[in-house]
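The structure presented is a predicted model; accordingly, all values stated were derived computationally and were not measured. Below, each value reflects all heavy atoms present in this structure, side chains not excepted, and no hydrogens, waters or symmetry copies.
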Amino acid sequence: MDQKTPLQTHPEASPKPNKKSFVTTFMEATTLRTPSFKEDTYFVSQLKSSEKKALQELKDKLMGSEASDGSMWGVPLLGNDEKADVILLKFLRARDFRVPDAFAMLLKCLAWRKEFGADGVVEEDLGFKELEGVVAYMHGFDKQGHPVCYNAYGVFKDRDMYERIFGDDEKLKKFLRWRVQVLERGINALHFKPGGINSIIQVTDLKDMPKRELRVASNQILSLFQDNYPEMVARKIFINVPWYFSALYSIFSPFLTQRTKSKFVISKEGNVAETLYKFIRPEDVPVQYGGLSRLSDLQNGPPKPASEFTVKGGEKVNIQIEGIEADATITWDIVVGGWDLEYSAEFVPNAEGSYIIQVDKPRKVMPSEEAIHNSFTPREAGKMVFSVDNSASRRKKVAAYRYIVRKSASI
C-alpha cells in the first residue's frame, strides 16, 4: 500500500487548483465538458464596430420611446455611463445584437419589472423560512468572484411539502415571487461594471427532484428568468444528474437559447465535489456537497482558505501538522468528496516515550457524511496526523482541509 505525506500547509496558504478535467455524456450525441463559453467583459472599446453601432441604435430607440426614463437595478438605462452600457449589452447579447429584438425584450422586461414590483421584492417577507438555505439560496462565491446560487428541489418529493408550496395557482405565484427574490439578492451583489463581476453562477441539484410534479413550476421559472434576466448567469452547473436527465432536459430545452445551453456543466451522481472544486474553492462549497462551508460560517466574515489534495485509488494519505505547542488548541475541518474510505486523526508527542493519542479513532466514513470538524488541546508539544485511507477503492477522490492553531492564553 502506497503512503503519501503532503508538505505541511500554512493555514493561510491558497488552495491548489484541481487540474482534473470533467467530461460526461449529455443528451444523446451531445458531449459536455468544461464550457468554452467566455463571459463578456463589457468594455465598449473591445466591441466590434457592428456591435458598437447596435448599442447606439438601442439607446436611440430607447430615447424615442415612453421608456426613456427606465431603470433597472438602480441604474438609469440612458444614464450615459458604463453601468447602463453593461445592462443594455446584456439584452443585445441575448438577442445576438439584433436591435429590434433586443429592444422588444427590454421593453417587455421593464413592463414586467414594474407590474411584478421587482425593485422592492428583496425587502418583502414572503413566509418561506422553511425553504431558505434548502431550496434556493445564495451561498459564497466562485473562484472568479461570481455569487453562487444553489437550487435543490428534492424536498418536494414529499407530497405534503409539495401541496403546501404548489397546491394551487396562488401558492405557485407566491413561490415564483420568492424565487425571484432570491435571484434579485444575488444580482444586488453584481458590479455592473466593465471587467467586473456582472453575472452569477447557478448550481442545480437534481437529486430526488420530482420532475413530473415540478414541470409547470420549472417551465415558468426558466421562462421568467430567460425573458427578464439576460446574461445574468455565467455558468449553470447541474449536479447529482440522474439517468433520466435526457427526458428532463427535453422538457427544458425549448425554453433555452443555444447560448444558455453553452454555459451548462453536467455532473452525474458521485462526482459533485470533483465538479464543484473546478469552479468553487472548497471553503465556499456547502458541506452537503463535499465542501467545508456551513451556513453559520457566513456570519463570520470571509471563510478561512482551505488546501486541496487528491487521494488516488489504493492510496493512503497522511497530513502532518507540526509545531503544536503544549496547551495550544488545533481546530480543523477535513473532507473527501464521496468519502467511502477510512479516516482517523492522532496526536504524536515530540517527547520520546510519550503515548500517541487517538483523537478520532479509525472509522469508515459514509458517502453521505459531511466535512468533519473537530479540535484538540494537547498537554505536551507534538504534531497532529490526519489519515485518509483509500486503499479499498480504485477511484481517485478530491479532498480538502484547513486548520488553525491557537496558543494558550498566557497567565
Could [X] and [Y] be called an ion pair, given the rule that one side-chain N must be under 4.0 Å from one carboxylate O?
| X | Y | result |
| --- | --- | --- |
| R379 | D327 | no |
| E274 | K396 | no |
| D85 | K59 | yes |
| E325 | K407 | yes |
| K114 | D119 | no |

In Å and rounded to the nearest 0.5 Å, what is the CG to CZ distance from L214 to F156?
6.5 Å
To the nearest 0.5 Å, what is the distance between OG on S293 and CD on E370?
11.0 Å
Run the ring pair (Phe, Tyr, Trp, His ring centres under 6.0 Å) check on F238 and F264 step by step: do they pass?
CA-CA 7 Å; F238 293 92; F264 286 179; 5.0 Å; yes
Looking at Y401 versus W332, is the centre-to-centre ring distance below 6.0 Å?
no
Look at atom CZ of R98 and say whether more than 12 heavy atoms of other residues, nucleotides or ligands are closer to it than 6.0 Å.
yes
Kindly check if the number of other-residue, nucleotide or ligand heavy atoms within 6.0 Å of NZ (K53) is above 12?
no
Consider side chain to side chain donor-acceptor pair (under 3.5 Å). Of Q202, E39, R235, which one does H146 pass it with?
E39
In this structure, which one of K90, E82, K83, E231 forms a side chain to side chain donor-acceptor pair (under 3.5 Å) with Y42?
K90
May I ask you to check if R363 and Y343 form a cation-pi contact, with NZ or CZ under 6.0 angstrom from the six-membered ring centre and within 45° of the axis?
no
Measure from NZ or CZ of K174 to the centre of the six-membered ring of F128 and say whether it is under 6.0 Å with the direction within 45° of the ring axis.
yes
Between D360 and N374: side-chain donor-acceptor atoms closer than 3.5 Å
yes
Full working for salt bridge (Lys or Arg N to Asp or Glu O under 4.0 Å) between R294 and D333:
CA-CA 11 Å; R294 295 175 171 84; D333 297 276; 3.6 Å; yes
Side-chain touch I357/F376, heavy atoms, less than 4.5 angstrom
yes
